[in-house]
Each structure stands twice: as C-alpha cells, then as structure tokens.
Amino acid sequence: MAPHDQTPRPRPDDGSAAGTPDSAALVGFDVDLTAQELQRRAQVLAALGPEWDPVEVLRGEEAAYDLLYSGLDADQQRIYEDLVTAGVLPRREGGGRAAA
C-alpha cells in the first residue's frame, strides 16, 4: 500500500529546492469570470432602477464638492492649496471657493 504522504521529491540534479514538486507535477488553473461580471453589472443596474440618471448624480457630486471646499478659513485654504499643488486634490473651479 502506498504511503499517504506522496510529496514529490526533487531530483538531485535538477537544482530545485528540497520539498518542491518538479514542474511536470504543476497544473495550470484558469477561471473565466466574464459571465459572472456581466451578470453582476446587470444586477447593479437593475437595482439602481430606471429612474437612475448618471448625469444628475455627477452634477450632485460636483455640487457636494463645491460645498465641501467653500467657506474655508485661511489655514484650511492654505492646506487645500498645498494638496492641489501636491496633486492630491484636483483644482476646483473657483479655487476652492464655492459660488455665492
């Protein structure tokens, strides 16, 4: 009867590390998730519903950013400018000041 531990042993002349199976024992394993990704996207769009308007959502996000960066005091404005200069934040129209 064969032993339960059948770890492939390297051949002494193949240069492989001890306890590593030789390359003939390795098997490639590929999984194509394209169908699952398409199904996931369809489910997301179905969950959003027909009333979802991506353009209106983007407008709302822009308005939220305008409010976020409006009314900054001098220190906050300096930090904002430093972050823009460093490339961390994109420059907002109005230079970090929301329209009144």
Side-chain angles (χ1 to χ4, degrees):
M1 177 184 250
H4 292 290
D5 180 21
Q6 295 196 7
T7 304
R9 300 204 184 355
R11 288 175 278 165
D13 61 346
D14 70 356
S16 60
T20 322
D22 67 357
S23 61
L26 300 178
V27 177
F29 183 75
D30 296 327
V31 177
D32 184 7
L33 298 175
T34 305
Q36 287 82 4
E37 177 61 16
L38 290 175
Q39 182 180 14
R40 184 194 68 79
R41 289 181 185 186
Q43 290 172 344
V44 166
L45 290 174
L48 290 171
E51 305 85 31
W52 182 65
D53 182 6
V55 174
E56 186 59 35
V57 170
L58 289 175
R59 283 188 193 125
E61 285 183 8
E62 289 298 317
Y65 278 117
D66 287 343
L67 285 175
L68 179 64
Y69 296 115
S70 67
L72 301 177
D73 64 26
D75 191 41
Q76 292 169 333
Q77 185 66 34
R78 181 190 54 77
I79 292 171
Y80 169 80
E81 292 297 331
D82 289 346
L83 292 172
V84 169
T85 303
V88 175
L89 292 174
R91 178 156 308 277
R92 309 280 310 158
E93 288 188 30
R97 304 271 186 215

- Message: Under the rule for salt bridge (charged side-chain N to carboxylate O under 4.0 Å, His left out), what residues qualify as partners of Glu51, not counting sequence neighbours?
- Response: none
Kindly compute the distance separating [atom1] ([X]) from [atom2] ([Y]), expressed to the nearest 0.5 Å.
{"X": "Glu62", "Y": "Arg92", "atom1": "CD", "atom2": "CZ", "value": "4.5 Å"}
{"X": "Arg78", "Y": "Asp73", "atom1": "CZ", "atom2": "CG", "value": "10.0 Å"}
{"X": "Asp75", "Y": "Tyr80", "atom1": "CG", "atom2": "OH", "value": "15.5 Å"}
{"X": "Gln43", "Y": "Leu48", "atom1": "CD", "atom2": "CG", "value": "12.0 Å"}

- Query: Are the side chain of Glu37 and the backbone of Thr34 linked by a donor-acceptor contact shorter than 3.5 Å?
  - Reply: no
- Query: Thinking salt bridges, do Arg59 and Glu56 make one under a 4.0 Å N-O criterion?
  - Reply: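 Salt bridge present between Arg59 and Glu56.
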Applying the 4.5 Å side-chain criterion to the ILVMFWY set and letting contacts propagate, would [X] and [Y] be lumped into a single cluster?
{"X": "Leu72", "Y": "Tyr65", "value": "yes"}
{"X": "Val88", "Y": "Ile79", "value": "yes"}
{"X": "Phe29", "Y": "Leu33", "value": "yes"}

